[in-house]
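Structure, as structure tokens:
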2 protein chains.
Amino acid sequence: MIELSGTNASAIAERFKALGEPMRLLLLEALRRGECSVGELAERTGGGQANVSKHLQVLLQQGYVDRRKEGTTSWYRISDPQVFRMCELVCGGLEQELDRKRKLLRRRK
Amino acid sequence: MIELSGTNASAIAERFKALGEPMRLLLLEALRRGECSVGELAERTGGGQANVSKHLQVLLQQGYVDRRKEGTTSWYRISDPQVFRMCELVCGGLEQELDRKRKLLRRRK
DNA sequence: TTCTTATATTACTAGGTAGTTGTACTTACT
DNA sequence: AGTAAGTACAACTACCTAGTAATATAAGAA
């Protein structure tokens with residue numbers, strides 16, 4: 001059972017860091033509907049082909065997505081659906097945080 | 001209700017990024033037992049005072065921790081306990097990922 | 001084979017960030 | 001007042017990374 005401690009803090013941080021990039025989050029969101037090719041993902045996210053491919057390697061390396069090759073095209077899909085549960089938690093925290101900051105601003109007026 | 005989309009992908013990524021650093025994870029883990037001063041945290045994590053203080057500002061800014069000043073010392077504590085739920089999810093995914101990679105290595109022998 | 005398509009990789013640049021050192025600031029104590 | 005303790009901040013360095021452009025690789029089509 002892996003837990004947060006000095007020995008594996010780096011490995012855990014790597015997994016968080018992989019999600020700490022807007023383009024990679026957009027790629028995951030695009031893949032939520034189903035399998036996509038690199039070209040489709042580049043079109044949907046508005047990113048360049050090389051950049052999208054590089055970000056996909058990061059997500060692949062961390063096991064958030066999986067890949068299937070067919071001819072010259074690579075089909076990517078979500079491999080760990082828990083990633084969306086994590087996004088929900090972060091969104092919830094973000095919402096609370098925005099509320100808190102709004103109240104602080106109101107107090108300062 | 002905040003969701004993952006183009007407009008707020010950056011804000012969500014910022015919150016993930018704040019957790020994507022080993023020292024900050026160690027600080028959260030140290031604070032799990034209860035309130036700590038900066039000096040105590042520096043001692044427990046083995047980090048320098050200035051560096052610990054800087055990382056704490058990041059966690060504070062994102063609302064993961066809260067601060068209370070008493071005399072010259074600052075007492076930090078966990079503000080959003082959900083952060084540990086996220087660590088559990090990441091640890092679970094990490095475990096699955098390690099299993100998967102072990103199997104791949106075995107297959108290549 | 002030659003050309004085309006789709007993806008991966010390399011080299012490069014600009015911006016960001018962790019860690020350290022030194023210092024300023026604030027509070028308490030004498 | 002002066003001193004000490006605890007923290008925050010600024011400046012600096014070394015490293016990392018997102019994005020881009022060019023190229024390499026691989027599979028199919030003509």
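Reckoned from all heavy atoms, side chains included, excluding hydrogens, waters and symmetry mates. Here is the naming used below: chain letters follow the sequence lines, and residue numbers restart at 1 for every chain.
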Inset, instruction - Would you kindly give the CD-to-C1' distance between B/Glu21 and C/dG16, to the nearest whole Å? - result: 13 Å
Inset, instruction - Taking the side chain as every heavy atom from C-beta outward, state whether A/Tyr64 and A/Val58 have any pair of such atoms under 4.5 Å apart. - result: no
Inset, instruction - Report, as yes or no, whether the 6.0 Å neighbourhood of atom CD on B/Glu43 holds more than 12 heavy atoms from other residues, nucleotides or ligands. - result: no
Legend entry - Interatomic distance, A/Leu25 CG vs D/dA18 P [rounded to whole Å]: 12 Å
Inset, instruction - Find the distance B/Leu19:CG to C/dA18:P and express it as a whole number of Å. - result: 12 Å
Legend entry - Sidechain N-carboxylate O distance under 4.0 Å for B/Glu21, A/Lys17: no
Inset, instruction - Starting at atom CG of B/Leu26, determine the distance to atom C1' of C/dG19, rounded to an integer number of angstrom. - result: 15 Å
Legend entry - Residue closer to the 5' end of DNA chain D, A/Glu70 versus A/Glu14 (nearest nucleotide): A/Glu14
Inset, instruction - Nearest whole angstrom, please: distance from the P of D/dA8 to the CD of B/Gln61. - result: 14 Å
Legend entry - Single-linkage hydrophobic cluster A/Met23~A/Tyr76, side-chain heavy atoms < 4.5 angstrom: yes
Legend entry - Salt bridge present between A/Arg100 and B/Asp80 (N-O < 4.0 angstrom): no
Atom pairs, N/O to N/O, protein against nucleotides 4-9 of chain C, distance under 3.5 Å?
unit_1 : atom_1 : unit_2  : atom_2 : d
C/dA6  : O4'    : A/Thr72 : OG1    : 3.0
C/dT7  : OP1    : A/Val38 : N      : 3.0
C/dT7  : OP2    : A/Gly39 : N      : 3.0
C/dT7  : O3'    : A/Ser74 : OG     : 3.1
C/dA8  : OP1    : A/Arg67 : NH1    : 2.9
C/dA8  : OP1    : A/Ser74 : OG     : 3.3
C/dA8  : OP1    : A/Tyr76 : OH     : 2.8
C/dA8  : OP2    : A/Ser53 : OG     : 2.9
C/dA8  : N7     : A/Gln49 : NE2    : 2.8
C/dA8  : N6     : A/Gln49 : OE1    : 3.2

Legend entry - Distance in angstrom units between A/Phe16 CZ and D/dT17 C1', rounded: 20 Å
Inset, instruction - Whole angstrom is fine here: how far is it from NZ in B/Lys17 over to C1' in C/dT17? - result: 9 Å
Inset, instruction - Say whether, by atom type as modelled, one donor and one acceptor occur between the side chain of A/Asn8 and the main chain of A/Ser5 under 3.5 angstrom. - result: yes
Inset, instruction - Send over the distance from B/Met23 CE to C/dT17 P, rounded to a whole Å. - result: 17 Å
Legend entry - Distance test, side-chain N/O of B/His55 to OP1/OP2 of C/dT17, below 4.0 Å: no
